[in-house]
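Take a look at the structure below.
Since this is a predicted model, take the numbers as computed values, not measurements. Lettering follows sequence order; numbering is per chain, from 1. The basis for the numbers below is simple: all heavy atoms, side chains too, and nothing from hydrogens, waters or symmetry mates.
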Amino acid sequence: MISKPKGTKDIYGTVAKRWKYVEKVIDEVMEKYHYGYIRTPLFESTELFHRGVGETSDIVTKETYDFLDRGERSMTLRPEGTAGVVRSYIEDKMYGDAIQPVKFYYNGTMYRYERPQAGRERELTQFGCEVLGSDDPAVDAEVISLAAQIYRILGLKNVTIHINSLGDADSRNNYRQALVKYFEPHLDLLCDDCKSRFAKNPLRILDCKVDGESELFENAPKMVDYLNEESKKRFEKVLEYLDILEIPYVVDSKIVRGLDYYNHTVFEFESDINETGSTMAIGGGGCYNQLVSELGGPEVCGVGFGSGMDRLLLALEHEGAQLPVKEDIDLYLLYVNDEEKKYAIYLAQELRMNGFIVEMENMKRSLKAQFKQADRLKAKFTIVLNSAELDEDEVTIKNTRTKEEEKVQIDALIYYLDENLEDDDFMCDCGDECHHHGE
RNA sequence: GCGAUAUUGGUGAAGUGGUUAACACGCUGGUUUGUGGCACCAGUACGCAAGGGUUCGAUUCCCUUAUAUCGCCCCA
């Protein structure tokens, strides 16, 4: 047997329906915020992902799917969405467009060469957005509120927004130095991982799982105190706008994000996915004011966020959120003899073209087994085709819920179904403003 | 890259160094010759991830590999 590659998943059945629903919500919300859908290549030049990420992390060396194509060009399966969007922005000179800022959203598979674990696959699906060309803090707030809206509409409740500011390049460097100075005398108290973080990426020390709660860490310098005046004002604006939007947040100085290209606002959406009560980031993002120029474009600001579908669905499941997923069918056609079967083939097609979800027997089952099948399919109606009745141009249709049977002229069948199929598909608890169903 | 645990039919699983691998669900058929969902009866793993080893004998012990789950590193 050939099995799927490590860290990949087959998605089908009810799970696939949940995915499609979530994707529909994403599309609708993105559209209202006026973000244009963008599809960029699944693979790009390796250099695209390696530049900008910097030398500090393992990402470049061991966590991307790299390969040489037949022309000996080094290619990489995209590990995230931002780089491709920024590349496209630069390549197509969108910074010259009349409409600014440029706003995009994406939704697609990404590839990371990692060991799978909870909420972490090698092939993953992420959606996200990018705004390029504006440094207005209102854009930061918009991006955050957009993500918050998607989560809210999906029914996710236990999500906390952690937000922080890294300031501009100067502030960030000052803070980095302060951290180094602070931890240096206590180096021997740190865990082994932190010792290497100290050398490679001191900001990450704050994320330590071993002794992140210790006194040493509590007294560590805070980013906020190292923001210069301008950066501080900018951050306050972002928070003010979030207040206007009535979006609750927690200022969390431990949010630093891993990569160097972030400036100013950074944020993460945390959900309590595990039974253990520990939290997991289901999305995050921030400003990246150097990435565009790093990749060969103009000095332009970017803001974006990305969110993992797998973790999002995990969180929805964990919270028991009800997604409006349709699992039943309208009608199941049963038959016994060949003449009836032929009519079933015809009738199924006819009714499907008229908008009904129709299924028919295709397994040569006994009539009894056909009824069982109709149950399993949760058919709202069944028709047992009967030669004698067909000669009279009529069928007996049975409502599986009320058990009532009725003789109906075949000509009147569509009308009958229209009348009798109630629209009780689902209830959703998104309040009066809910427009996302029934279309 | 590192670590822990696991891998038994269509599914959930129990179990043991030794004749026929529990139980349940499902599925198929029958009781009921074209109206099910209930009930009862019957059938349903030539095999316990793959390969190698130890042994008179292994699904059970050992090794290797693969896969899965969870964690570490990293986190875009």
Side-chain angles (χ1 to χ4, degrees), chain A residues 1-9 44 48-54 56-65 76-86 110-122 124 126 128 130 191-197 200-201 203-204 207-210 255-262 266 268 273-276 278 280-286 288 291 304-308 311 332 334-337 340 361 363-379 382-389 395-398 400-401 403 405:
Chain A
M1 187 187 69
I2 299 170
S3 50
K4 63 185 179 300
K6 184 194 281 285
T8 62
K9 263 193 213 161
E44 299 262 10
L48 173 64
F49 301 115
H50 285 199
R51 242 203 278 179
V53 164
T56 53
S57 70
D58 292 343
I59 288 172
V60 169
T61 57
K62 65 173 202 195
E63 292 174 12
T64 52
Y65 267 97
T76 296
L77 298 182
R78 66 179 181 197
E80 49 95 23
T82 304
V85 173
V86 171
M110 315 289 166
Y111 297 83
R112 300 177 182 182
Y113 197 85
E114 301 180 288
R115 291 291 282 270
Q117 53 187 335
R120 203 187 237 206
E121 306 283 338
R122 286 187 169 180
L124 56 136
Q126 275 197 337
E130 312 292 343
C191 69
D192 288 346
D193 286 333
C194 282
K195 282 176 188 139
S196 82
R197 287 186 186 117
K200 286 195 298 187
N201 193 354
L203 296 193
R204 295 292 301 178
D207 249 355
C208 183
K209 285 175 183 132
V210 182
I255 301 290
V256 295
R257 307 294 286 170
L259 300 187
D260 285 342
Y261 60 62
Y262 285 105
V266 289
E268 283 182 10
I273 287 177
N274 303 330
E275 280 72 20
T276 57
S278 68
M280 196 172 243
I282 56 170
Y288 43 89
L291 183 61
F305 95 96
S307 184
R311 288 188 179 189
Y332 191 72
L334 301 77
Y335 60 84
V336 174
N337 66 36
E340 292 156 1
E361 169 62 18
M363 291 294 288
K364 302 187 174 76
R365 273 177 274 240
S366 67
L367 195 63
K368 170 173 170 169
Q370 291 185 46
F371 271 106
K372 281 195 169 185
Q373 178 69 358
D375 278 345
R376 279 190 292 262
L377 291 169
K378 301 191 179 77
T382 58
I383 292 176
V384 181
L385 294 164
N386 177 302
S387 298
E389 283 183 350
V395 291
T396 300
I397 185 163
K398 182 170 186 173
T400 53
R401 192 169 49 78
K403 319 279 190 248
E405 283 189 327

Quick one: list whatever passes salt bridge (Lys or Arg N to Asp or Glu O under 4.0 Å) with Glu340(A), sequence neighbours left out. none
Nucleotide pairing, RNA chain B (Watson-Crick or G-U, distances under 3.5 Å), in dot-bracket with [ ] and |: ((((((((.[[[..)..(....]]]((((((.......))))))....[[[[[..)....]]]]])))))))....
Given atom [atom1] of [X] and atom [atom2] of [N], what is their separation to the nearest angstrom?
{"X": "Tyr261(A)", "N": "A76(B)", "atom1": "OH", "atom2": "P", "result": "7 Å"}
{"X": "Lys368(A)", "N": "G34(B)", "atom1": "NZ", "atom2": "P", "result": "13 Å"}
{"X": "Lys200(A)", "N": "C73(B)", "atom1": "NZ", "atom2": "P", "result": "11 Å"}
{"X": "Leu367(A)", "N": "G34(B)", "atom1": "CG", "atom2": "P", "result": "8 Å"}

Among residues at least two apart in sequence or on other chains, which ones pass side-chain contact (heavy atoms from CB on, under 4.5 Å) with Gln373(A)? Tyr332(A), Arg365(A), Arg376(A), Leu377(A)
Applying side-chain contact (heavy atoms from CB on, under 4.5 Å), can you list everything that pairs with Lys364(A), at least two apart in sequence or on another chain? none
Give a yes or no answer on whether the side chain of Glu389(A) reaches the backbone of Thr396(A) with a donor-acceptor pair at less than 3.5 Å. yes
Give a yes or no on whether the backbone of Gly119(A) and the side-chain of Arg311(A) come within a donor-acceptor separation of less than 3.5 Å. yes
d(Thr382(A) OG1, Ile397(A) CD1) to nearest 0.5 Å is 7.5 Å
Rounded to the nearest 0.5 Å, the CG atom of Asn386(A) sits from the OH atom of Tyr335(A) at a distance of 15.0 Å
More than 12 heavy atoms of other residues, nucleotides or ligands under 6.0 Å from OH of Tyr113(A): is that the case? no
Mind telling me whether G9(B) is syn or anti, cutoff 90° either side of 0? syn
With nearest nucleotide decided by heavy atoms, which residue, Arg204(A) or Asn337(A), maps closer to the 5′ end of RNA chain B? Asn337(A)
5'-most by nearest nucleotide on RNA chain B - Ser387(A) or Gly7(A): Ser387(A)
Under 4.0 angstrom, heavy atoms only, what part of the nucleic acid is [X] near: base, sugar-phosphate, or nothing?
{"X": "Leu385(A)", "answer": "base"}
{"X": "Arg197(A)", "answer": "sugar-phosphate"}
{"X": "Arg120(A)", "answer": "base"}
{"X": "Tyr113(A)", "answer": "nothing"}
{"X": "Glu340(A)", "answer": "base"}
{"X": "Lys9(A)", "answer": "nothing"}
{"X": "Lys6(A)", "answer": "sugar-phosphate"}
{"X": "Gly285(A)", "answer": "nothing"}
{"X": "Glu114(A)", "answer": "base"}

Expected string for nucleotides 3-13 of chain B under the B/S/- scheme (protein heavy atoms, under 4.0 Å, primed atoms plus P, OP1, OP2 as sugar-phosphate) is B----------
Arg257(A) side-chain N/O to A76(B) phosphate OP1/OP2 under 4.0 Å: yes
Would you please name every residue forming a ring pair (Phe, Tyr, Trp, His ring centres under 6.0 Å) with Phe371(A), sequence neighbours left out? none
Quick one, Thr64(A) with His50(A), criterion side-chain contact (heavy atoms from CB on, under 4.5 Å). Give me CA distance, side-chain angles, the key distance, then yes/no. CA-CA 9 Å; Thr64(A) 52; His50(A) 285 199; 3.9 Å; yes
Select one nucleotide: of G26(B), G37(B), C75(B), the one nearest the side-chain heavy atoms of Arg376(A). G26(B)
